[in-house]
Amino acid sequence: MATSSTATASLHLLLPTSRRRRLLVPRADCTVDRRRFIAHTAAAVAPLVSLSPPVWTPPAARADETPALSQWERVYLPIDPGVVLLDIAFVPDDPSHGFLLGTRQTILETKDGGNTWFPRSIPSAEDEDFNYRFNSVSFKGKEGWIIGKPAILLHTSDAGESWERIPLSAQLPGNMVYIKATGEQSAEMVTDEGAIYVTSNRGYNWKAAVQETVSATLNRTVSSGISGASYYTGTFNTVNRSPDGRYVAVSSRGNFYLTWEPGQPFWQPHNRAVARRIQNMGWRADGGLWLLVRGGGLFLSKGTGITEDFEEVQVQSRGFGILDVGYRSQDEAWAAGGSGVLLKTTNGGKSWVRDKAADNIAANLYSVKFLDDSKGFVLGNDGVLLRYLG
C-alpha cells in the first residue's frame, strides 16, 4: 500500500518462501547473551558454564532505598542501564512463561510468572548490524509474534521455544508499532502511518484492512474542519486497540486523534475537545475512552464507544505528564507517568489516589499492562519494571 494510494487487494509483503529461515533458538540454559548480562551483578564478567538457567540476585537493599510500594514490587532485571521497556506478554497455555521487550535489542524471558527474568538470544534478530527496538509482542495459544524497528517480524508456533524470522518487503508503509495475535495462524499488524494488515496463514501473506494511509485520508478530509490536520507529519504518536478490535490513535503532534473499527475503509479523524495537546489515549474496561494531555491532565469520555465529548478528572500528577492507563477491572485502574507518578482508581476513574511510595522512583513509567485481574506490570525507562501484587 503506497503512502497516498489505495490498497484494496491482498498485499504480499514477504520474500519468496524458499528464503524463509526457521532458526532453532538456544534455550537460556545453554546460551546467554553476556553483552546484556551486566546489570547489578559482577557475575556478568565470568564465563557461564552451568547447564542450569542463570541465577541472578538483585542488589541488596540500602537504608535509604525507596519505601515499599503498596501494591507493587520492583523487579530488577539483568539488562544494560538506559534500556526502555516497551511491551510484555505471556503464553496463554503457560501463564508462568512470558517475554519482555525493549530498546537496544532487549528480549527477556521468564518461566516463573515474572518474578525473575533472563536474557533471550534470537540469532535471526542479531545477525545484522542493527540495534533493534522491539516494540510489540503478542500470543494466542502457543503462537506468538514480535515486531521491531528497523523492520523485523518474528513468529513462533511452539510458545517461544523457537522463532522464525519472516522477511518483509520494503513496500511496507511506515514502521511496525503494534501486533496482535488473533487466532490460529492469524495476526493483525499496525504501522505508524496507519496501515493495518491481517494474515490468516501464519504470515505467508498479508491483506490490507484499510484502503489508504492516514496522510491520504487527511488530504481528502482536511477541509472538513479537523484542527491541526495540516500539521500532520504522517505518523502516529500512540495507538491502542480495544479487546473487540477497535483502534484509537493520537496524531504525531497531539493536536487531534483518529479511530478505526473493523470493516471501516478509512481512519476517522476527530477534533480534540481539550485545549492542551494529547499525550495518549486508550480504552476503558467499560468500552469508553480515556485521554491524557501534556502536563498531567486526565479526561474520560462521557458514556461508552467513540465520542468527542470528554470531561476532566482531577489527579495528583505533581505537574508531571501521565503517560498511560491500564484497567485491571471495570472499577480498578492504574495510571503511570513521568518521575515515578503512579495513581490508582477504584471507581472506574472518577477519582484517583497517588501511590506516594512511587514518587522516588528515578524513572519515567511508560506503560501499564494488566494481562488478567491478578497479573499486571508497569514498564519504564532505565530498565524499571514493577509487578502487581494486589
Thr110 (side chain) donor-acceptor with His97 (main chain) under 3.5 angstrom: no
Residue pairs, two or more places apart or on separate chains, that pass side chain to side chain donor-acceptor pair (under 3.5 Å) and touch residues 256-268: Thr259-His270
Listed partners of Ser242 passing side-chain contact (heavy atoms from CB on, under 4.5 Å), at least two apart: Asp244, Arg246, Trp283
Inter- and intrachain pairs under side chain to side chain donor-acceptor pair (under 3.5 Å), touching residues 294-304, at least two apart: Arg284-Ser301
Partners meeting salt bridge (Lys or Arg N to Asp or Glu O under 4.0 Å) with Lys180 (sequence neighbours left out): none
Neighbour count >12 (heavy atoms, 6.0 Å) for atom NZ, Lys375: yes
Atom NZ of Lys142 with >12 non-hydrogen neighbours under 6.0 angstrom: no
4.5 Å side-chain heavy-atom contact, Arg133 and Leu86: yes
Side-chain (Arg272) to main-chain (Asn255) donor-acceptor, under 3.5 angstrom: yes
ring-ring contact (aromatic ring centres under 6.0 Å, His included), paired with Phe99, selected from Phe118, Phe134, Phe139: Phe139
Test item: Asn381 side-chain N/O and Asn364 main-chain N/O as donor-acceptor pair under 3.5 Å: yes
Side-chain (Arg328) to main-chain (Asp373) donor-acceptor, under 3.5 angstrom: yes
side-chain contact (heavy atoms from CB on, under 4.5 Å), paired with Thr191, selected from Ile147, Asn175, Thr235, Leu172: Leu172
Sub-4.5 Å side-chain heavy-atom contact between Pro150 and Tyr132: yes
Pairing residues for Asp372 by the salt bridge (Lys or Arg N to Asp or Glu O under 4.0 Å) criterion, not counting sequence neighbours: none
4.5 Å side-chain heavy-atom contact, Pro119 and Leu108: yes
Check against side chain to side chain contact (heavy atoms under 4.5 Å, CB included), Asp331 and Thr346: CA-CA 5 Å; Asp331 294 324; Thr346 55; 5.7 Å; no
Donor-acceptor contact present, side-chain Ser138 to main-chain Ala181, <3.5 Å: yes
Thr217 side chain to Ser215 backbone, donor-acceptor under 3.5 Å: no
Other cluster members, Leu343 - Ile/Leu/Val/Met/Phe/Trp/Tyr, side-chain contacts below 4.5 Å: Trp290, Leu292, Leu298, Leu300, Val313, Val315, Phe320, Ile322, Val325, Tyr327, Val341, Trp352
Worked check of side chain to side chain contact (heavy atoms under 4.5 Å, CB included) between Ile88 and Leu101: CA-CA 6 Å; Ile88 188 170; Leu101 308 183; over 6 Å; no
Donor-acceptor under 3.5 Å (Asp382 side chain, Val384 main chain): no
Distance-only donor-acceptor check, side chains Glu332 and Trp334, under 3.5 Å: yes
Shared hydrophobic cluster, Ile278 / Leu258 (ILVMFWY, side-chain heavy atoms < 4.5 Å): no
Cationic N near anionic O, under 4.0 Å, Lys111 to Asp94: no
Check: Phe90 ring centroid to Phe377 ring centroid under 6.0 Å: yes
Connected via hydrophobic side-chain network under 4.5 Å: Leu291 and Val239: no
Any side-chain heavy-atom pair of Tyr366 and Leu85 under 4.5 Å: no
Cluster check Ile306, Phe256: I/L/V/M/F/W/Y, side chain < 4.5 angstrom: no
Side chain to side chain, Leu323 and Asn280, heavy atoms closer than 4.5 Å: no
